[in-house]
Visitor: 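Structure below; questions to follow.
The sequence lines fix the lettering, A, B, ..., with proteins before strands; numbering per chain opens at 1.
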Amino acid sequence: MKINERFYPILATLAVLVLLYGYGIVEHRAFSDTYVLGALLTDNAFLIITAVGMTFVILSGGIDLSVGSMIAFIGVLMAELVTGFGMHPVTAAVVAMIVGSAFGAFMGVIIAKFDIQPFIITLAGMFFLRGMCFLINLDSVPIDHPFVSAFSGFKIQLPGRGWLTASALLMLATVIGGVVIAHFTRFGRNVYAIGGDRHSAELLGVPVHSTIIRVYTLSGFFSALSGVVFAFYTASAYPLAAVGVELDAIAAVVIGGTLLTGGMGFVLGTFFGGIIMGVIQTLIAFDGSLNSWWTKIMIGALLFGFIVLQRLITRSFSGMRAGAT
Amino acid sequence: MSDTVLSVRGAGKFFPGVKALEDVDFDLERGEIHALLGENGAGKSTLIKVITGVHPRDAGTVSLEGQEIHPQHPGDAQELGISTVYQEVNLVPTLSVAENLMLERQTRKFGLISWKKTEADAKTALEILGLEIDVNRPLGSYSVAIQQLVAIARAVALDAKVLILDEPTASLDGEEIKTLFRIMGELRDKGLGIVFVTHFLDQVYAVTDRITVLRNGRLVGTFVTKELAQIDLINHMLGRELAEVSAHRHQDEGSYDGPARQIQIKNLGKKRVLEPVSLDLKAGEIVGLAGLLGSGRTELAELVFGTQKADSGLVFLDGEPVMLRSPRHAIRAGFGLCPEDRKQDGIVAELSVRENIVLALQGRRGWLRPIPRAEQQKFADDMIKALGIATPDSEKPVGQLSGGNQQKVILARWLVSKPILLILDEPTRGIDVGAHADIIKLIKELCDEGLALLVASSELEEIVAFADRVAVMRDREKVSELVGADITQNSIIEAIAR
């Protein structure tokens, strides 16, 4: 049977992951232990959670540059709520995620109702949130609470020397949630439709405006969750945290095989994309002789490859409108 | 005993500077196929958009089964039972066929989509049209004709009371059209009211029960098809006698006596796209390209224009080989192409009429020598007048014009750049009778001015009407070349069938 062309990019992603991981196993003995796997899942948890939200944004044909600042802002906000107002960290997390979702919804409303490029609006959001961090707090502050220690101390032993942390578990749950939303809800399919051809989607009866608002709300929600995980994981908040994470998230989505112009891709691919970026980082750290900037060079090269691959696949489509957003 | 399902009273729609629709009444009965006819800009599309909620109406009422409705967008209209299939395929190419069919209507279990059931439903919807394809592959991987059938299947699968078909046959071949007509008949017998917009008058007489004619945004009248002679219908549509278009061969060879420029296509071909084709053209001559959908007509046009790179053969201009690595080279050499798919390849919808018209000329001069604004304005105004482009002014974005007028803008673009060879791929597709006649008249005039024209068309009448020579294509190959008196509809059909 002929393989469906929709699966080409994610198959390429999987091939890259297998190659890199295989290389790791051959070169470094530690790679065959679950220790590396557990560390990959934990260290990249907040990135992948953000990238899951970003997947929906990119699938819809948009972009969200505010997510990095959101992570930092949520951290600073939580620190203030927990240490300043004596709130329980879980309550603070709920409040923070409501704030994050509301801010995402606010950007979504502007993007949808005024038909403005998401790039511009979320760029504004990025500056606004980063500035808000400094309004609350100028320095790095610890978040001191028994629950936070319990969160960062929580571990499930894996066979071998590895373990799954609370961050990793939350991330895996997010990925599963993302897959369900993307593939098994009408909202999810409408996101794909809008990214594939917005005009047609509208004529097919897709509620374009409300879907776009929900996409940015979802991205706000996931980046806020990521901020919570990041804050719990590091047990601190820092206004300059997660600078440039929005670009890492976009890279994870694209390496995961999602079409940068929208309409095609998989949440699961984003998970693999995030792990690939982690594997590259780990390989370079293990090597020891290479500068850490090689991570960026490798990721850049992969991005070039994936963008060209996507172009080749969509070019074979008839009736695919140039510049459709 | 009328059984009206859809009733429009006094509908009006005004755009800045244009009364697109004014005081139009329209009634659709259960179990009828009702043709909606009119020239470009007559208001057919606007009326449909008002009914389906794409545009809010500025005056009048729309009632479905006696109940006044106010759809805010096509989704609303769909839910009320009004489905529309548009002229250009309006589906999402990146989604699978099944998803395009079932979008917003997927079967859900416990709030989640059941893909098994959704795919089964999609297959059932396609079975009605006798279409058996893999519903899991992306829609974009299928031909435009199949995409159009999927669009129709979607509209039919909705529990529609009213089905609007806006030029659905534009990209279908003869067999597919027959299938469509059979399905339309079945749906009518089930009690559906069908609005059928087309510019093929023979199709109107083949399937419709009644005809409503619009002109300049106003209602001309509603007629029973059987009681309306074709000539009267054309009169209603045009409000004037149609100039003798068909059955008038381009006999006046020699009316052009300028320099005899020669264009020779020698063994031009590309693997898996087109078998090598040879064809000669000269200034003042119209060569027709006939053949069915997918016979290689469009492919030959694209190879000559450099849109696709040939891997064999050459094109010679006055004996000198022309480098055709890209459309840029072709434009520099003096070739022009009006593509089949206006929306995708032809116009730049966001740019104004003026900007679209000077585009090719500017491209040929190079960007370092901009055309002065006053000169641009003059080109645009001249062309708007010469071709009769219906636009309030030259600054209106082309995307807002009707199909026929967009086609005229593309023609104008090439005319100002004074090409040697102009390739027209389906120049009259999606264009109605009046503009059709205008464009054919234009084609003949261009030829008299010394242009060499290569015209690909699926309408044999049209080719017979103007071509000096006809190359017949079949299965990506040139199978025959007809000259002069040998060019008849029958001889072309024979060549295709042989």
Visitor: Looking only at heavy atoms, which of residues 46-57 of chain B get nearer than 4.5 Å to chain A?
Guide: B/Val54
Visitor: Suppose we screen for side-chain hydrogen bond (donor to acceptor under 3.5 Å, both in side chains). Which residues come up paired with B/Gln106, at least two apart in sequence or across chains?
Guide: A/Arg186
Visitor: Not counting sequence neighbours, which residues clear side-chain hydrogen bond (donor to acceptor under 3.5 Å, both in side chains) with B/Asn100? List them please.
Guide: none
Visitor: Of all of B/Thr118, B/Ile113, B/Thr84, B/Leu103, which one pairs up most often with chain A through heavy atoms under 4.5 Å apart?
Guide: B/Ile113
Visitor: Hey, is the main chain of A/Gly265 close enough, under 3.5 Å, to the side chain of A/Tyr192 for a donor-acceptor pair?
Guide: yes
Visitor: Answer yes or no: does atom CZ of A/Phe187 have more than 12 heavy-atom neighbours from other residues, nucleotides or ligands under 6.0 Å?
Guide: yes
Visitor: Determine the minimum heavy-atom distance between A/Ile299 and A/Ala251, stating which atoms define it.
Guide: CG2-CB, 4.2 Å
Visitor: Could you give me the CA-CA distance, side-chain angles and deciding distance for A/Val175 and A/Thr270, then say whether side-chain contact (heavy atoms from CB on, under 4.5 Å) is met?
Guide: CA-CA 9 Å; A/Val175 170; A/Thr270 298; over 6 Å; no
Visitor: Quick check: closest heavy atoms across B/Leu101 and B/Arg154, and the distance to 0.1 Å?
Guide: O-NH1, 3.2 Å
Visitor: Quick one: what part of B/Glu104 sits under 4.5 Å from any heavy atom of chain A, side chain, backbone, both or neither?
Guide: both
Visitor: Would you check if B/Val97 and B/Asp134 make a side-chain contact, meaning some heavy-atom pair closer than 4.5 Å?
Guide: no
Visitor: So which residues of residues 206-226 of chain A are in contact with chain B at a heavy-atom cut-off of under 4.5 Å?
Guide: A/Val206, A/Pro207
Visitor: Under 4.5 Å, counting heavy-atom pairs only, tell me which of B/His73, B/Met102, B/Glu99 racks up the most with chain A.
Guide: B/Glu99
Visitor: Side chain of B/Asp76, backbone of B/Gln72: donor and acceptor closer than 3.5 Å?
Guide: yes
